[in-house]
Structure formats: C-alpha cells, structure tokens
Protein chains: 2
Amino acid sequence: MTAKLRISDVAKHAGVSPATVSRVMNGNPKVDPALVQRVQDAAAELGYTASPLARSLALGKTQTVAVLVPDLGNPTFQAILRTLSRAAAGDGYHVLVADSAEVAADEAALALQARRRTDGVVLVAPRMPDDELAAALPRLAPAVLVNRGGDGAPVVAADYGRGLRELIEHLRMLGHRRLLYLAGVPGSASNARRVAAIAEARAAHPDLDIAEAPCGTGFADGSAAVATVRAHEATAVLAYNDLVAMGLLSALHEEGVAVPHEVSVTGFDDIPFARYTTPPLTTASVPTDRMGELAWSAMRALLEDDAAAPPVVLAPTLAVRGSTAPPPAS
Amino acid sequence: MTAKLRISDVAKHAGVSPATVSRVMNGNPKVDPALVQRVQDAAAELGYTASPLARSLALGKTQTVAVLVPDLGNPTFQAILRTLSRAAAGDGYHVLVADSAEVAADEAALALQARRRTDGVVLVAPRMPDDELAAALPRLAPAVLVNRGGDGAPVVAADYGRGLRELIEHLRMLGHRRLLYLAGVPGSASNARRVAAIAEARAAHPDLDIAEAPCGTGFADGSAAVATVRAHEATAVLAYNDLVAMGLLSALHEEGVAVPHEVSVTGFDDIPFARYTTPPLTTASVPTDRMGELAWSAMRALLEDDAAAPPVVLAPTLAVRGSTAPPPAS
DNA sequence: CTGTTAGCGCATTCAT
DNA sequence: ATGAATGCGCTAACAG
C-alpha cells in the first residue's frame, strides 16, 4: 500500500495516458471533465502524489529556497529564519537551512552548494569580505541579502546606525554625558555602522564624551567587560547587543553595582529575553519578524514576478525600559 | 561562463563518454588514470558540477533530511536544530526545516510533504495524537523521534520525569515542604511525565505538599502566574520550564518579592539565558546539544548502515544556581 | 577499462 | 481534447 506509485500506474488505473494524468494533476483546463473526475478518483484511490523530485527536474524548479545564517544559535537569525520559513511555507515553498558556524571562509561554498538544490538563496548577514560576496552573488542569483549591502541582489536591512543614534540621544536627554560603547567584532559591517553613528553623535554634541572599548558579541564578552566598565568613568554603557548587555547586567549585579541607579545600560536588537532581564533592558528594537517577511517577499518577487524588489531599510524603534535612568547626582 | 553545463559538455570537452565522466566524478576506481586526469581538467576548466537534482532522481537519494519542529521560536528546538544541522552537514547532508507553528493538526501533512523531498525525517516533539503518529510513522520512514515515544522509529529523548524528581529532591534537601508546580500544556507528553514524577515524590515523601496550578509554557504565562504563586503558601515554585520561570522571576521582582529569600524558583531545560537571569536560575539542564547529535546519528544509521539505533534517554543534570535557597525561617 | 543503452518520474512539445 | 514521443541530467547495467 505504501509502494511507490508512478504516474503511469495512475494512468493505467484510469485508462488514460500519463500525459493526461499529468494535465489533471496540474489543473490544466483543457481536459474533459469526465476524465478529470476519473483520473482524480484513480489518484485518490491509489493514494498517488507526484514525485517532487522528478517534477523539479522536469520543471527546473524545486519550490525550495536556501537560507544561510552565520549561527543558528543567534536569536536575531533565529527570528528571521522563523518568520521567513513561515512566510515561505504560506506560499508553498520549503526552506533549506545552512549554518556557516561563523566561519566566513566557508560561506561562499556553502551558499553555492545550497543554491544548487534550490531556486534561490537568502544570505543573512554574510560575514565574507565584500569582494568575495560580489564575486559569489552572480552565481547565487536569485539571491536576497539581509543586513548586508551588495550589488545584484535585493537588500533587506535594519538601520543600525539610526538605532544607536536614538539610544545615544535617549541617554543624552536623561542627562548622561560620559558614555562607553562596548564594540562588537571590529571587521563587521554592523559594528562599522554603530561606530559611524558614534562619530556623528560626537560631532553633533561636543559636550558628549563617548569612549569605545573592544568587547564582543556574546554573554561572556559582556560579562568579562565588567572590569572595563568599572574602570571607566562613564555613567552609561552602550552594549553592542542585548547578549552583551545581559552578560554585563549579570556581572554588574554580582559585583553589587546598581543598574540603572549607578550606571545605565542599553542593549541592541530587542531579543525576546530583553524585557525579562533585571532590570528590563532598554534597547533598540530591530523588527526581525518584519525583516523575515520582507526577505521572503523579495525572494518571491525574484522567483515568481521575476522582478527585483527595491532595497528596504527598517528603522529600529527605541524600547525604553528599566535599565536606563538619569545619571547619579554625584 | 555561468551557463548551465551538462555532463555531456564535459564529456565532449574531454573526448570521452558521459558515463566515463560520471565515473570520474564519483571516484569510480576502475578508470584509466590518464582519463581521470583529462576529465578532471575538463571539469575544472569548464567549472562543472553535477546537478544534485538529476543525481537525486537517478540515485533515489537526496542527501537531505527534513526536521519538523513545533516552533522555531522555542529555544529547546532551536538548540536541537542547530546541533543536528551541523552534525548532518559534517556528513555531507542538508537539512530542510519545517515549522508546524504548534498546529498539531498540520504536522502529519507537513511531515509527509517534507519527507517526499528528502531521505528521512526527524520529528521533534510532535504534538499530534498517538494514533495519528502511529499511522504516519510507516509512511515517514526512515524517521527519528525526539522527545516523544513511538513504535517504528528510533527515539532520542530526555528524561523529564527524572529531571523534575531531582529538582524536587533538591528543594526538599534545602528544607522546603510546600511546593507549587506551574503546569504546561495539559495534554502534552512532557507535562504528563512531570506530573507522574510529582506523584512519585508525594508517595516517597508524605511530608511533602506539592500543589499544581495550570500555567503555560511561555514568559507571559509565568509572569501571569505571579498572583497564583502569591496566593499559595508554597515556599518554592517548580516552573514548567525556564521561560515560565523567567516570566515569574520578572513579575516577582516587580512586586518586590525576593528570590530566593522569600521564595525559591526552579526552571527546566537550562536554556542559554538561564544562567543570566537575576538571580541565576536553578534548573534541570537538558542536554539539547547531545540530543541533536544523537538524533542525527540515529538518522544516519537508518540512512547508511540501514540499522535502527537503540532508544536513547538522556538524564537532565541538576544545575543549582541562585534562584533556590532554604525557605525563610518564618 | 570504456562506450552504449536504458531508466529515475514527470511535463511538455508535437501530432492527431 | 488526447496520446505518443522527447527531454530534464545523471547513474547503472550491459556489452565489448
């Protein structure tokens, strides 16, 4: 009963040719209603479903897209994958995931490989150098870029610079003048945007003193940065992202430093856990769900409408919570 | 140069037959070394790579497995997907992901559909009823079950009952006698295991008073349970999982209830964020990474060794952190 | 060892 | 409107 059925089996059972069965299965309008019925009955009776594999080979389309992420453990990428996956499923597409495990050197090869089994690929925050990306893009098309610029592919990104600017402005309005930025990976595009935003803020507000310290992108990095933070005279800390902020919050708590009473802390991304830290984290909320949806829309446009979607840059929104407050009276 | 190359193109370029090219590409040992070289050169020169699609159709194998999860937003499933995906990639396999969005009624269909494009499917904590699962399994084979029992498929699971027992024992040793269990979804297998463990504990320790209250599985549920918790006289709360515990911790903090001084709280799963809550969460650490690896091993065994792996039940380990302490002297 | 033939399962010309 | 042939791109069985 679970034997593999071919289209010819159904054809015989219905007393028609394989071609007719194919037409019926694909809803081809120019078939005799009577035959349609007979074929459908036969198919139902046998429990037949066309082989997606054979179909893919014949049609040249797999109804599947690949999504390449640097790390499936990163909340931001998880959120994007989740919404993208659901949106794609809504349109009858499947998703093949590839995790480069943050090894930039493997990305291009992984993407190419995944692309060959699919109709297109979504590159989420690819870490590979610009020239490598530019070289790979033509071979990957149709492709969509998330959180990374590039030529030859629609882009869906968040405006990290703007997010940090708003965070800085928020702290400034609270009265903070001495800030400390805990940087992410030096080479990354996201970090560069933030650094640029800091430069702008300095120019716009000469009374603002913003120091920068190397840090990292995870809990442990934030936790380890506690010494640096205490050594500085800053009254507020801009963590690279929520993970770093959470690590810092945790370490600060252990050392008995009150947040936000003695020092304010901000994150970035607004991951689901951000609102449940102690105190709840003030952060720049990146609309990852929307990004996942838009990335799919862009891909679908390339796939079906054959038209490239215009670049989309989403503005993070400020989420003010308990980890920021006016600086201590001193 | 990016034109689609067929095997025949390489064959002509090398002056051999397509079959020979195929043999070379697949490392067939019985080919003249000279020809091997010529074919490899030709392939390299043209930049040829065999079409995975055509290969799949001819071989009847896709080198891809499907992973069905109830929710890509759940940290536990994310962790399993992550390690599973990397393990599979290590063996040259790809992963197709399907998210049922917690709609149990769609699971079987989704799994079947995904299975047709792949060589096997890993069902992670499927929510569908037992009879439906039993009916679907034969059609899904080869399949691997994670955190859910079933006939006809290798099982990789965590011993939730044991985890809760250890948590209870930990609290008992601390001196707690009145506990409150915040339950998950009533119908779920995971919840049933915990409830059974509670029954055992009651039987073993008559002096233990363990109440149960319906709650849920997310932050919001835990947060909303704060009223229930305060109404009870319990000195310790066993949250269904870490998310519930975090929501509760947060709400408790807002209401000025000191943890663990006034009340102890335990979680379950040990998600990455558990050690960064305030206070850090005492929880039963479920080895999700190991589970992802084992699930892949089981699948690979079915795929390549054609042998079913024996069921594996992993014991969670107690992670004692700051959210539990002896009950208040009262 | 190598080339030729025949599928894998389906969609789609092309005739009728 | 339907059936018969042809191709999608590759691998395997079969000769030679």
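Computation of the quantities below employed the complete heavy-atom set of this structure, encompassing side-chain atoms and omitting hydrogens, waters and symmetry-equivalent molecules. Lettering follows sequence order; numbering is per chain, from 1.
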Check: Is A19(B) touching bases, backbone alone, or none of the nucleic acid, heavy atoms closer than 4.0 Å?
Finding: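 Base contact.
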Next item on the list: Just call it for V21(A): base, sugar-phosphate, or nothing, with non-hydrogen atoms closer than 4.0 Å on any strand.
Entry: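 It contacts nothing in the nucleic acid.
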Whole-Å gap separating [atom2] ([N]) and [atom1] ([X]):
X: N26(A); N: dT13(C); atom1: CG; atom2: C1'; value: 15 Å
X: K4(A); N: dC8(C); atom1: NZ; atom2: P; value: 11 Å
X: L46(B); N: dG9(D); atom1: CG; atom2: C1'; value: 16 Å
X: R116(A); N: dC8(D); atom1: CZ; atom2: C1'; value: 13 Å
X: R38(A); N: dT2(D); atom1: CZ; atom2: C1'; value: 12 Å
X: M25(A); N: dT12(C); atom1: CE; atom2: P; value: 14 Å
X: K12(A); N: dG3(D); atom1: NZ; atom2: P; value: 14 Å
X: N28(B); N: dT2(C); atom1: CG; atom2: C1'; value: 11 Å

Is any side-chain N or O of [X] closer than 4.0 Å to OP1 or OP2 of [N]?
X: R55(A); N: dG9(C); result: no
X: T20(B); N: dG3(C); result: yes
X: Y48(B); N: dC10(D); result: yes

Check: Does R23(A) get its side chain close enough to the base of dG3(D), under 3.5 Å, for a donor-acceptor pair?
Finding: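 It does, because a donor-acceptor pair links the side chain of R23(A) to the base of dG3(D) below 3.5 Å.
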Could you please name the option among [options] that lies closest to any side-chain atom of [X]?
X: L57(B); options: dT12(C), dG9(D), dC1(C); result: dG9(D)
X: S22(A); options: dG3(C), dA11(C), dG9(D); result: dA11(C)
X: R6(B); options: dG3(D), dC8(D), dC10(C); result: dC8(D)
X: L35(A); options: dT11(D), dA12(D), dT2(D); result: dT2(D)

Note to self: Regarding R300(B) and D91(B), does a basic nitrogen lie under 4.0 Å from an acidic carboxylate oxygen?
What the structure shows: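 Looking at D91(B) together with R300(B), the answer is yes, because their closest N to O distance falls below 4.0 Å.
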Item checked: Side-chain donor or acceptor of N26(A) paired with backbone N/O of S22(A) under 3.5 Å ->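 Side chain of N26(A) to backbone of S22(A): a pair is present.
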Next item on the list: Flag the pair D32(A) / T20(A) as yes when at least one side-chain heavy-atom distance between them is below 4.5 Å, and no otherwise.
Entry: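 No. Closest side-chain heavy atoms not under 4.5 Å.
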Check: Can you check side chain to side chain donor-acceptor pair (under 3.5 Å) on D106(B) and S100(B), steps first, answer last?
Finding: CA-CA 7 Å; D106(B) 293 350; S100(B) 70; over 6 Å; no
Notebook entry, point to check: Given that K30(B) and L59(B) both sit by DNA chain C, which one's nearest nucleotide is further toward the 5' end?
Noted result: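 First, find each residue's nearest nucleotide; the 5'-ward one identifies K30(B).
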Next item on the list: Please say which of L140(B), V67(B), V69(B) ends up in a side chain to side chain contact (heavy atoms under 4.5 Å, CB included) with L123(B).
Entry: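 Checked L140(B), V67(B), V69(B) against L123(B); only one passes side chain to side chain contact (heavy atoms under 4.5 Å, CB included): L140(B).
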